[in-house]
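Data first, discussion second: the structure below is written as structure tokens.
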Amino acid sequence: MELKVENLGYEVRGKRILGNISFSVGAGEMVGLWGSSGAGKTTLLLALRGILQQYDMGRLQGQVLFDGRNLAAYAYPQLGREIGLLFQQTDMQLFSATVYDEVAFGLENFCVPAEEIACRVSRVLEALGLSGLADTSPRKLSGGQKKLVVLGSLLVLAPKILLLDEPLASLDALERNRILCLLEELKNGGMSIVLVEHDWEAARFVDRMLFLAQGNVLAEKQRTEIFTDRALLERCGILPPPMAIFLEAMGLPPADFFSMGQCWNRLKGAGYLA
Amino acid sequence: MLEMENISFAYSGKELLLRNISFSLSCGEWVLLYGRNGSGKTTLAQILLGLLRPESGSYFIDGKDASRLSLREMGQRIGFVRQDADKQLVGETVGQEMVFPAKFRGEIADSARNLLEKFSLGSSTDVSPLTLSYGEKKRLAIAAVLLRQPGILVLDEPTAGLDGKSKKELLDYLHFLQTELSLAIFLVSHDLEAVLPYASRVLCLQDKCIAFDGTPQDAVSFLPEEELPYFLTFSKRLGQIKHWDCVLAPEELAEKLKGELS
């Protein structure tokens with residue numbers, strides 16, 4: 001199962017939002033989209049979900065292929081089941097009376113038997129640490145908890161592709177880690193994931209990163225390559241991770257910033273640590 | 001300026017969410033409220049704004065009993081920027097957003113323009129807030145609140161959804177307001193890496209109570225490593241080896257290490 005973007009461009013009210021974007025995401029792959037606010041990341045996610053034109057009636061060029069067929073050729077319900085999208089502002093995705101109903105809603109619409117719904121919803125709620133909130137109204141939850149509920153409502157459908165618009169924003173460190181580990185598990189199980197994030201800690205989990213600026217992909221990099229290209233980050237308007245800033249200020253060569261051992265070794269090698 | 005003593009709160013029919021919360025906020029102080037998801041941070045911010053009434057305890061603003069102040073009087077003293085900026089943007093254009101409510105129309109044209117420039121929205125005066133990116137909407141919401149010149153600014157997760165550069169610009173500007181205009185800032189956030197270097201004090205909500213009230217450096221010592229972002233964990237461990245307080249900013253940590261060797 002592959003998601004393929006071919007020469008995708010988008011213009012709305014005379015303003016160019018996406019330039020000419022091409023890339024693909026394979027089965028079991030997690031691709032990160034990095035860029036400053038307003039770079040076009042959210043617009044690109046809406047296009048990958050096939051709802052961009054419904055969203056603000058712009059002019060779309062190029063195409064997005066899902067399993068070799070243009071998204072436009074699919075029936076809307078089928079896309080809803082195969083491609084899940086977590087919005088940045090999750091409030092607009094919550095409408096049920098309880099957390100349980102919210103997560104069960106999609107399955108009910110696909111006429112899944114009640115027993116199976118109960119089983120799948122319970123499993124997802126447990127994986128997301130939401131079991132104790134099953135009877136709570138989503139509106140009474142914190143911002144981070146709402147995000148987890150929406151993620152649950154997507155995961156329960158077992159989509160082939162998961163599009164996530166800043167899933168970690170407003171989550172505490174433990175929840176962030178829980179989500180990242182869960183995403184890795186899903187990826188290893190064959191799910192394709194496109195992740196829009198600003199949080200560098202998420203970079204640890206992605207296979208490839210696309211760097212966007214002003215609606216264009218400036219570069220595609222492996223995770224280990226990203227921290228050495230300061231000029232690219234500068235062009236994208238992105239600040240490097242704090243560990244990169246620290247090592248640079250120390251005048252030390254870049255390291256894999258998610259390996260504490262490598263960073264200690266840099267300091268030891270330069271005589272700062274015994 | 002603001003003082004809460006033994007504040008307890010429960011949503012109707014539910015068990016206590018906050019118990020015996022006491023703290024103060026002075027002019028020119030920046031307090032960061034940190035806690036796990038669902039620990040009651042936003043609820044505490046809403047009590048502070050007068051949107052929720054506590055079950056018990058006392059709350060004073062500028063020496064006045066907050067329970068006797070109207071919402072309008074509270075609103076004149078405290079500006080609030082919500083976690084979801086969409087919920088507080090009502091103008092048809094960015095310019096109109098800045099002149100809402102109508103009584104400000106005309107009087108504040110210059111300050112509105114200056115604020116929009118400061119938040120890099122100067123060229124967007126005529127566009128609809130709905131077409132702005134998430135980060136731009138957040139900056140607009142903050143600019144519109146600042147226009148009313150409140151003495152206290154309460155922000156709920158202001159850095160969520162912003163890229164590193166936008167976060168830094170926003171926090172630098174809040175720092176300017178705090179130091180130059182003595183604005184008191186009460187900021188609710190999980191983003192310890194970005195916000196801790198700016199805070200003068202940290203409150204940690206845990207098990208319905210304030211479990212910690214102290215400096216950002218001591219907050220890093222107090223919090224378990226699994227709740228800290230990567231760089232702060234690194235800095236905390238380095239501090240333990242070197243027997244110094246945790247350094248919060250990467251450039252400062254580099255200076256300190258280099259200074260030690262020379």
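Just so you know, these numbers use all the heavy atoms, side chains as well, and skip hydrogens, waters and symmetry mates. Letters A, B, ... are given to chains in the order of the sequence lines, protein chains preceding strands, and every chain is numbered from 1.
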Part of B/Leu132 within contact of chain A (heavy atom distance under 4.5 Å) = neither

Consider only side-chain N and O atoms of A/Thr42 and A/Asp165, and report whether a donor and an acceptor are under 3.5 Å apart.
-> yes

Partner chain A: residue of B/Gly161, B/Ser189, B/Gly40 with the largest heavy-atom pair count (under 4.5 Å) = B/Gly161

Assert yes or no for the condition that the ring centre distance of B/Phe212 to B/Tyr34 is strictly below 6.0 Å.
-> no

Any idea which of B/Leu192, B/Leu228, B/Leu238 has the most non-hydrogen atom pairs under 4.5 angstrom with chain A?
-> B/Leu238

Quick one: of A/Ser37, A/Ala173, A/Gly237, A/Ala270, who has the most non-hydrogen atom pairs under 4.5 Å with chain B?
-> A/Ser37

B/Lys167 portion near chain A, given a 4.5 angstrom heavy-atom threshold | neither

Given the options A/Gly271, A/Ala39, A/Ala274, A/Ala169, which has more heavy-atom pairs under 4.5 Å with chain B than any of the others?
-> A/Ala169

Answer with yes or no whether the side chains of B/His190 and B/Lys41 bring together a donor and an acceptor at under 3.5 Å.
-> yes

Please confirm whether A/Trp264 and B/Phe234 have ring centers closer than 6.0 angstrom.
-> yes

Out of A/Arg176, A/Glu201, A/Lys140, A/Gln89, which one racks up the most heavy-atom pairs below 4.5 Å with chain B?
-> A/Gln89

Looking just at side-chain N and O atoms, do B/Ser166 and B/Asp163 make a donor-acceptor pair shorter than 3.5 Å?
-> yes

Among A/Pro242, A/Ser36, A/Gly251, the residue with the most heavy-atom pairs under 4.5 Å to chain B is A/Pro242

Interface moiety of A/Asp199 toward chain B, non-hydrogen atoms closer than 4.5 Å | neither

Indicate yes or no: does B/Arg36 engage A/Asp172 in a salt bridge with an N to O separation below 4.0 Å.
-> yes

Structural part of A/Leu133 lying under 4.5 Å from a heavy atom of chain B = neither

Using non-hydrogen atoms and a 4.5 Å limit, figure out which bit of B/Glu136 sits close to chain A: side chain, backbone, both or neither.
-> neither

Checking A/Leu171 against chain B: side chain, backbone, both or neither under 4.5 Å from a heavy atom?
-> both

Chain A contact via B/Thr43 - which portion, at a heavy-atom distance below 4.5 Å = neither

A/Gln214, CD: over 12 other non-hydrogen atoms inside 6.0 angstrom | no

Answer key: most heavy-atom pairs under 4.5 Å with chain B among A/Asp91, A/Leu148, A/Val12 is A/Asp91

Checking B/Glu193 against chain A: side chain, backbone, both or neither under 4.5 Å from a heavy atom?
-> side chain

Using a cut-off of under 4.5 Å for heavy-atom pairs, which of A/Glu166, A/Gln88, A/Gln145 has the most such pairs with chain B?
-> A/Gln88

Among the options B/Lys168, B/Glu252, B/Lys87, B/Glu255, pick out the one with the most heavy-atom pairs lying under 4.5 Å from chain A.
-> B/Lys87

Within 45° of the ring axis of B/Phe176 and under 6.0 Å from its six-membered ring centre, is that where the NZ or CZ of B/Lys118 lies?
-> yes

Quick one: sort the A/Phe246 and B/Phe231 rings into parallel, tilted or perpendicular, breaks at 30° and 60°.
-> tilted

Flag yes if more than 12 heavy atoms outside B/Lys165 fall under 6.0 Å of its NZ atom; otherwise flag no.
-> yes

Atom CD of A/Glu126 with >12 non-hydrogen neighbours under 6.0 angstrom | no

